[in-house]
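Remember, it's a predicted structure, so these values are computed and weren't measured experimentally. Numbers for residues simply follow the sequence, beginning at 1.
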Amino acid sequence: MGSKELLHSLALALLHGTFTLFVIASSLWLCMALWIQQPLGSIFSRVLIVLWLLFALSLIGVYISDHLVSRRTDFLIYCAAFIGALSWYFSLTAQQDRNWNPEVAEQLSYSKQGDVVTLHNVRNFNWRTEQDYDIHWEDRSFDLNKITGVNVITSYWMGPQIAHTLVSFDFSDQKPLVFSIEIRKEKGEEFSTIGGFFRKYELSLIASDEKDLIYTRSNIRHEQVYLFPVKMSAEHRKALFIEYLNTADQLRAEAKWYNSLTSNCTTLVFDMVQAISSRPLPKDYRLLASGYLPNYLYDLEALNQNYSLAEWYRLAHINPRAEQYAKQTEQSSEYFSKIIRLDIPQSP
């Protein structure tokens, strides 16, 4: 066999292998999407998954054997079928009017006069267990010129690699306010990381009292929670708060899908900080492996450099102080915000 024939054979083998891998990978993706979405209900969706797998495997067999139809026809048949499946998937639209869980039932809105902002539907639930809580939504007014600090809060619920990211604002004249990008769960719905890749959940922006959002994670769910005050100028603190307001506007205007990889609690915060930053922030794997976000902040010198990263993790861990709070007779939200900050170094 000459060199031209050999190269031609290798090119064909590479082409055939690529098509086979494409069919396998795309079929697995589609079957997972069908499993999560269940467009025909539980039973018929499973039947559809089995039929698609049989279709894909049959086409691979026909393609490899080159019988019945040409490889070109085989390729076109699969691509047409997969494009039809993609058309179904991308026709799924996020909604505003589902039967939501009480903790995400309301949407954040606001009114603004100069630098004074009044937030509507600030969450201030009193949690006893994950299923037992007092529902309370309220209005709160804030002077953006009185923001004195910004804190990044990471809550670990799935090992050291994955954490939920929250951002809290300190004020000189009142208790802090915390923002959280979350999934908007329907009643009876549970969170699934895999489901988050397949248009399972809408996005929700919650503005809350710290004793609601943080206490729930540290004392009710027993997640490991860390609070890191970050260096940020007064101008950027104010701009970041306004970016949260812009996000609230966007979500009220149009519902958006949560995505476990590209549109989640960490990536969206990064996008907001990037929008107000005077210089581009470096992209980093730790924005996806959100449990390492504090390491990323430390490398950017956003944390006080007088302390090592190991010291930061030790000092920023609020669970021991949150447990101490639960044993006190005073159970006010002001006291909770105060006690979880004890011994945490402030940014210069």
Practice problem: Carefully, step by step, assess Lys211 and Asp209 under the rule salt bridge (charged side-chain N to carboxylate O under 4.0 Å, His left out). | Solution: CA-CA 5 Å; Lys211 186 179 176 292; Asp209 193 277; over 6 Å; no
Quiz item: Which heavy atom of Tyr201 sits nearest a heavy atom of Gly195, and at what distance?
Solution: CE1-C, 4.0 Å
Judged by modelled atom types alone, do [X] and [Y] share a side-chain donor-acceptor pair under 3.5 Å?
X	Y	answer
Asp212	Trp127	yes
Asp139	Tyr110	no
Ser111	Gln113	no
Glu182	Ser204	no
Ser333	Lys175	yes
Tyr133	Thr216	no
Tyr296	Ser290	no
Ser218	Glu223	no
Asp115	Asn145	yes

Can you confirm whether [X] is buried at [atom1], in the sense that more than 12 heavy atoms of other residues, nucleotides or ligands lie under 6.0 Å from that atom?
X	atom1	value
Leu342	CG	yes
Glu235	CD	no
Ile43	CD1	no
Glu130	CD	yes
Phe44	CZ	no
Trp52	CH2	yes

Relative to each other, are the rings of [X] and [Y] parallel, tilted or perpendicular (30° and 60° limits)?
X	Y	value
Tyr244	Phe179	parallel
Tyr335	Tyr325	tilted
Phe171	Phe169	tilted

Self-check item: Lys NZ or Arg CZ of Arg199 over Tyr89 ring: under 6.0 Å, within 45°
Solution: yes
Quiz prompt | Lys238 charged N/C atom sitting above Phe241 aromatic ring, 6.0 Å / 45° | solution = no
Self-check item: salt bridge (charged side-chain N to carboxylate O under 4.0 Å, His left out) against Lys185, all qualifying residues, sequence neighbours excluded
Solution: none
Sidechain-backbone polar pair: [X] side chain, [Y] backbone, donor-acceptor under 3.5 Å:
X	Y	value
Gln174	Ser141	yes
Gln305	Tyr298	yes
Arg184	Ala105	yes
Ser42	Gln38	no
Glu210	Tyr215	no
Gln96	Arg252	yes
Lys112	Gly114	yes
Asn101	Val104	no
Thr154	Ala163	no
Arg341	Ser337	yes

Find the distance between [atom1] ([X]) and [atom2] ([Y]) and round it off to the nearest 0.5 Å.
X	Y	atom1	atom2	answer
Phe228	Leu297	CZ	CG	8.0 Å
Asn219	Arg128	CG	CZ	14.5 Å
Ile206	Asn121	CD1	CG	9.0 Å

Quiz prompt | Full working for salt bridge (charged side-chain N to carboxylate O under 4.0 Å, His left out) between Glu138 and Arg140 | solution = CA-CA 7 Å; Glu138 61 191 26; Arg140 289 191 188 179; 2.5 Å; yes
Self-check item: Centroid-centroid under 6.0 Å between Phe125 and Trp137 rings
Solution: yes
Exercise. May I ask you to check whether Tyr156 and Tyr226 place their ring centers less than 6.0 Å from one another?
Key: yes
Quiz item: Step by step, would you call Asp134 with His136 a side-chain hydrogen bond (donor to acceptor under 3.5 Å, both in side chains)?
Solution: CA-CA 6 Å; Asp134 299 322; His136 185 65; over 6 Å; no
